[in-house]
Amino acid sequence: MVLIFGGAYQGKLDYTLERFGRSKDDVHFCNDTDTDMPKGKTVVYEIDKWMLAMIKKNADATESIKQFITENPDAIVICNDISGGIVPIDATFRKWREAVGRAMGQLAQNSGEVVRLFCGIPTILKSI
Amino acid sequence: MRIFISGGCKNGKSTYAQKMAKDQSNPPHPLYYIATMSAKDKEDEERIVKHQAERDGWGFTTIEQPRKIEEILDKHDCEGSFLLDSLTALLANEMFSATGDFDGSACERIAAGLEKVLNRVQNMVIVSDYIYSDAHIFESLTEEYRKSLAALDRLAARHCDVVLEVSYTQIITHKGRDLFNAIY
C-alpha cells in the first residue's frame, strides 16, 4: 500500500497520477454520502470523505478502515490531512477528525511508502 | 533569491521572512515591505500599527499595494529586495470587496500579476498561510478562497528558488535546500 497525504489542494492527485502513471479512470473518488467500501480501482482518492460518510450514518469507520487495509494491500490511498485546524465545534466533525487521525496512522504503518505533499512538493516520509 | 514561506499561524513566519528579506537587500537598492492589508475596521488598524512597530528600525520602505501586485514593477526599483506579506491578504482583498461582493476571477488575476513579478524580481520573500488542514466542510465561498490560495501558493512555489515551511519556529526546506543552507 502507498499513502499520499497533505492538506487540501496541495497537489496530491496530480502527483499520484504522474508518479504512478495512472489516469482519472483508475481512481475511485470518495464522497461524504457513499458508505460503500471503495473497490475496483487502484487509486482511492480522499478516503477521509468515505470516513465522513460513515460517521454521518453512525457506521464504524475505524473497523471499515481496518477491513479496507486487509483487503487492499496494493491500493494507493490519498487522504486529506485534517488534523491541523482547531477542534471543530460540531460533534460529527470532531469524531471525523479523530477517526481520520487514527486511520492515517494505520494506513502509514501498513504502507511501504508514505508521501506528504506541501504546495505540490513531495516529501517521502517512509520508503522501503 | 526568491523565497516562498508558509506554515500555520503565529509560528514565526513573518519574523523569518523579514530577516531573510533584509539579509538579501542590496544597497543602495531599497529594502521594500509590500503592505497588503487593507484596513476594514479598528481591529485591522490596530493590527497594522502593531506590524509597523515590529518593522521599525529594519530599514524597510513601505509600499502600499493591497491589490494589483504587478504595479510594483512600474513604480519601484526591481533590483531591490521585496517582502510580500502576505498572499493570504492579497487574495482576500481582491476576492471579497468591502461591501461583501465576491469576485470569482480574483485568483486568475493575481496569478498573472504574481507570475510577472516573480519573472522580473530576483530578490523577494513571499509569505502565505497554511489553511488546509481543518476538519470541516466549509461553505462554498470559504472553500473557493482556500482552493484559490492553494493555487497561488503552488504557483509561487514553482517560481521560487526556495520553498520553506515553518513549524513552530522550526524550518522545513521543501525546495532549494543547498541554496538555502549555503546562507543559513
Side-chain angles (χ1 to χ4, degrees), chain A residues 4-16 18 30-34 46-57 61 78-104 115-125, chain B residues 2-11 13 86-88 91 107 111 114 118 126-140 142-168 170-177 180:
Chain A
I4 313 285
F5 78 95
Y9 312 116
Q10 297 303 297
K12 299 183 289 295
L13 184 58
D14 288 350
Y15 171 81
T16 304
E18 195 186 325
C30 299
N31 63 63
D32 63 0
T33 54
D34 184 1
E46 295 190 320
I47 201 166
D48 50 287
K49 294 281 172 20
W50 173 47
M51 297 188 72
L52 182 55
M54 289 188 282
I55 285 162
K56 280 180 175 175
K57 293 189 178 160
I78 302 174
C79 192
N80 284 302
D81 179 3
I82 56 165
S83 67
I86 53 168
V87 176
I89 218 159
D90 180 292
T92 302
F93 288 144
R94 269 204 308 279
K95 265 190 222 162
W96 177 46
R97 182 176 186 257
E98 291 185 12
V100 172
R102 278 194 292 270
M104 289 236 296
V115 184
R116 176 182 181 240
L117 269 288
F118 178 85
C119 295
I121 302 168
T123 300
I124 314 276
L125 301 184
Chain B
R2 285 155 301 189
I3 302 172
F4 176 79
I5 182 166
S6 187
C9 76
K10 303 296 154 209
N11 62 13
K13 293 189 299 285
S86 62
L87 279 188
T88 321
L91 178 63
C107 179
L114 191 63
L118 284 168
I126 298 177
V127 181
S128 191
D129 291 273
Y130 194 84
I131 53 166
Y132 312 111
S133 285
D134 280 281
H136 192 76
I137 304 290
F138 293 97
E139 35 68 43
S140 60
T142 308
E143 202 54 46
E144 190 55 35
Y145 177 75
R146 293 171 91 208
K147 188 175 179 180
S148 299
L149 186 60
L152 295 177
D153 286 353
R154 287 168 67 186
L155 179 133
R158 269 201 307 281
H159 282 80
C160 282
D161 310 296
V162 170
V163 175
L164 305 173
E165 178 182 7
V166 184
S167 185
Y168 303 108
Q170 301 304 300
I171 290 186
I172 303 163
T173 317
H174 289 282
K175 181 179 176 185
R177 182 167 302 158
F180 184 70

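Throughout, a chain's letter reflects where its sequence line sits, starting with A, and its residues are numbered from 1.
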- Value rounded to 0.5 Å, distance of CD1 in A/I121 from OG1 in B/T173: 10.5 Å

- Message: Looking at A/I89, I'd like to know if its CD1 atom is crowded, meaning that more than 12 non-hydrogen atoms belonging to other residues, nucleotides or ligands lie closer than 6.0 Å.
- Response: no

- Under 3.5 Å: donor-acceptor pair, side chain of B/S133, backbone of A/I82: no

- Is A/E18 atom CD crowded by more than 12 heavy atoms from other residues, nucleotides or ligands, each under 6.0 Å away? no

- Proximal component of A/D81, with respect to chain B [non-hydrogen, under 4.5 Å]: both

- Query: For atom CZ of B/R177, is the number of surrounding heavy atoms from other residues, nucleotides or ligands below 6.0 Å larger than 12?
  - Reply: no

- Item | Shortest non-hydrogen separation from B/A150 to A/A8 and the atoms involved | CB-O, 4.4 Å

- Query: Rounded to the nearest 0.5 Å, what separation is found between the NE2 atom of B/H174 and the CG atom of A/L117?
  - Reply: 10.0 Å

- So among B/K147, B/R154, B/E143, B/R146, which one has a side chain to side chain donor-acceptor pair (under 3.5 Å) with A/Y9? B/E143

- Query: Within a strict 4.5 Å, meaning less than it, do heavy atoms of the A/K49 and B/I137 side chains meet?
  - Reply: yes

- Find the distance between CZ (A/F118) and CZ (B/F4) and round it off to the nearest 0.5 Å. 6.0 Å

- Which bit of A/S83 comes within less than 4.5 Å of chain B, counting heavy atoms only: side chain, backbone, both or neither? backbone

- Measuring from A/Q10:CD to B/D153:CG, what's the distance to the nearest 0.5 Å? 7.0 Å

- Task: Using a 4.5 Å cut-off on heavy atoms from C-beta on, say whether the side chain of B/Y130 contacts that of A/C119.
- Result: no

- Task: Among A/G11, A/G6, A/P88, single out the residue with the greatest number of heavy-atom pairs under 4.5 Å to chain B.
- Result: A/G11

